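Below is one structure, written out as structure tokens; the observations come after it.
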Amino acid sequence: SMFYKLMNAKDFKSGQVREARLLLKEMAERGWIVGAIYYNILISKLCRTGQTAQACCLLEDMLEEGPTPDVITYSTFISGLCKGGQVTEAFQIFETMKANNCAPNTITYNTLIHHVGKVGRIVDGCKLFEEMKTTHTRPDLVTFTCLISGLCKAGRIEEALHKFYDLKTEGLSADVVIFNTLMDGLGKAGRTEEAGELLSLMKSNGVRPDLVTYNTLIDGVGKEGRIDMAFSYFEEMKSREITPD
RNA sequence: AUAUGUUUAGACA
């Protein structure tokens with residue numbers, strides 16, 4: 001019952017975290033199998049409330065005497081650290097992960113590539129992408145979205161376009177998020193003509209434009225003062241009966 | 001009751 005409450009709790013006071021750690025240890029001592037998932041749930045909740053130091057204590061418990069942390073444990077914590085702006089610490093945990101023979105998966109890499117891109121360090125994202133190749137970790141559409149977004153943010157539009165073309169090589173086909181991301185990058189770089197061409201391309205590829213697509217295009221041409229184009233995208237959006245999800 | 005991606009005017013802090 002105490003255990004049940006812990007797993008359903010929305011937030012924790014620091015005293016409660018101490019109690020939780022003791023409870024999990026006691027359960028293990030009494031012969032219960034306490035799986036990594038229960039630690040993962042607590043780590044996720046603690047990160048969401050900004051208590052990354054407490055989350056780190058749980059990871060340490062796992063490494064010392066608890067269930068072996070799995071790829072979800074590390075990815076959860078890495079994501080939580082990044083969201084709190086602790087990207088450096090996230091990379092330290094990434095190293096800890098490897099040192100403990102836990103192989104990062106696509107999601108682990110995607111999380112890191114996303115956050116380095118956000119803080120303008122896509123160079124590091126590209127290194128991670130290379131590392132994925134050497135570790136035979138297959139990139140997916142999320143990987144490419146993060147790379148394209150990060151490259152555009154760093155002003156490296158040509159390389160972003162290259163990544164877009166590389167999708168086919170990887171056996172992937174661009175989805176609406178990939179198109180939206182690239183159109184946003186082009187628009188913010190003043191290349192709204194190309195963004196408009198992508199709208200045609202996505203349609204001919206059978207990818208349905210959504211509300212974000214049109215918001216992105218309208219924002220792009222709007223900032224260039226092309227009110228006529230903004231209206232035409234708006235009209236097209238209405239005619240297509242786009243609805244927010 | 002566990003982990004990753006795209007657009008933004010305003011208000012709040």
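All values below come from the heavy atoms of this structure, side chains included, with hydrogens, waters and symmetry mates left out. Computed from a predicted model, the values in this text were never measured in an experiment. Numbers restart at 1 for each chain; the letters A, B, ... are given by sequence-line order, proteins then strands.
In RNA chain B, no run of at least 3 consecutive Watson-Crick or G-U pairs with both distances below 3.5 Å is found.
Nearest heavy atoms, A/C152 versus A/L182: SG-CD1, 4.4 Å. In this structure, A/L186 and A/A195 approach most closely via the heavy-atom pair CD1-N, 3.9 Å. Heavy-atom minimum distance, A/N105 versus A/S75: OD1-OG, 4.2 Å.
Heavy atoms of A/Y214 sit nowhere under 4.0 angstrom from any nucleic acid atom. Counting any heavy atom pair closer than 4.0 Å across all strands shown, A/F144 reaches no nucleic acid atom. Nucleic acid contact class of A/T181 (heavy atoms, under 4.0 Å, all strands): sugar-phosphate only. Looking at heavy-atom distances under 4.0 Å, A/L182 makes no contact with the nucleic acid at all. Counting any heavy atom pair closer than 4.0 Å across all strands shown, A/I148 reaches no nucleic acid atom. Heavy atoms of A/D140 sit nowhere under 4.0 angstrom from any nucleic acid atom.
Heavy-atom neighbours of A/K5 NZ from other residues, nucleotides or ligands within 6.0 Å: at or below the threshold of 12. Within a 6.0 Å radius of CD in A/E193, no more than 12 heavy atoms belonging to other residues, nucleotides or ligands are found.
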Review point. Between A/T76 and A/S44, is a side-chain hydrogen bond (donor to acceptor under 3.5 Å, both in side chains) present by the stated rule, with each step listed?
Key: CA-CA 6 Å; A/T76 302; A/S44 170; 5.8 Å; no
Counting only pairs under 3.5 Å, give me each side-chain donor-acceptor contact of residues 163-171 of chain A, with atom names and distances, residues two or more places apart or in other chains.
from, atom 1, to, atom 2, distance (Å)
A/T169, OG1, A/D166, O, 3.4
A/E170, OE1, A/R138, NH2, 3.3

In a table with atom names and distances, give each donor-acceptor pair under 3.5 Å that connects a side chain of residues 93-104 of chain A to protein atoms at least two apart or in another chain.
from, atom 1, to, atom 2, distance (Å)
A/T96, OG1, A/Q92, O, 3.0
A/K98, NZ, A/E131, OE2, 2.9
A/N100, ND2, A/T96, O, 2.8

Let me have the donor-acceptor pairs involving side chains of residues 27-37 of chain A, under 3.5 Å, with sequence neighbours excluded, atom names and distances please.
none

Give the table of side-chain donor-acceptor pairs shorter than 3.5 Å for residues 209-222 of chain A, with sequence neighbours excluded, one pair per line with atom names and distance.
from, atom 1, to, atom 2, distance (Å)
A/D210, OD1, A/N180, ND2, 3.3
A/D210, OD1, A/V212, N, 3.1
A/D210, OD1, A/T213, N, 3.0
A/D210, OD1, A/T213, OG1, 2.9
A/T213, OG1, A/N180, OD1, 2.7
A/T213, OG1, A/D210, N, 2.9
A/T213, OG1, A/D210, O, 3.4
A/Y214, OH, A/E236, OE2, 2.7
A/T216, OG1, A/V212, O, 2.6
A/D219, OD1, A/K223, NZ, 3.3
A/D219, OD2, A/K223, NZ, 3.1

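Within residues 6-20 of chain A, the residues having any heavy atom closer than 4.0 Å to RNA chain B are, in order of number, A/M7, A/N8, A/K10. The stretch residues 76-102 of chain A touches RNA chain B through A/T76, A/S79, A/K83, each having a heavy atom under 4.0 angstrom from the strand. A heavy atom closer than 4.0 Å to some atom of RNA chain B occurs in no member of residues 200-210 of chain A. For the contact set between residues 109-128 of chain A and RNA chain B, defined by any heavy atom under 4.0 Å, the members are A/N110, A/T111, A/H114.
Side chains of A/N40 and A/T73: a donor-acceptor N/O pair is present below 3.5 angstrom, by distance only. No donor-acceptor contact under 3.5 angstrom links the side chains of A/T52 and A/E89, judged on distance only.
The side chain of A/L141 lies closest to B/G5, out of B/U2, B/G5, B/A3. Distances from the side chain of A/V177 to the nucleotides B/U4, B/G5, B/U2 place B/G5 closest. Looking at the side chain of A/Y4, the nearest of the listed nucleotides B/G5, B/A1, B/U2 is B/A1.
Residue A/D175 contributes atom CG, which lies 9 Å from atom C1' of B/G5 at whole-angstrom precision.
Between A/F77 and A/L59, some side-chain heavy-atom pair lies under the 4.5 Å cut-off. The closest side-chain heavy-atom distance from A/K83 to A/H115 is below 4.5 Å.
In terms of modelled atom types and a separation under 3.5 Å, the side chain of A/Q51 and the main chain of A/F12 share a donor-acceptor contact.
Centroid-to-centroid, the aromatic rings of A/F144 and A/F129 come within less than 6.0 Å.
Every residue meeting the side chain to side chain donor-acceptor pair (under 3.5 Å) condition with A/E194, not counting sequence neighbours, appears here in chain and number order: A/R191.
Put simply, A/R48 has no side-chain N or O that comes within less than 4.0 Å of OP1 or OP2 on B/U2.
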Between the protein and nucleotides 7-10 of chain B, are there any N/O to N/O pairs under 3.5 Å, and if so, what are the atom names and distances?
from, atom 1, to, atom 2, distance (Å)
B/U7, O4', A/T216, OG1, 3.1
B/U7, O3', A/K188, NZ, 3.3
B/U7, O2, A/N215, ND2, 3.1
B/U8, OP1, A/K188, NZ, 2.6
B/A9, OP1, A/D219, OD1, 3.3
B/A9, OP1, A/K223, NZ, 3.3

Just the table, please: protein N/O against nucleotides 11-13 of chain B N/O, every pair under 3.5 Å.
none

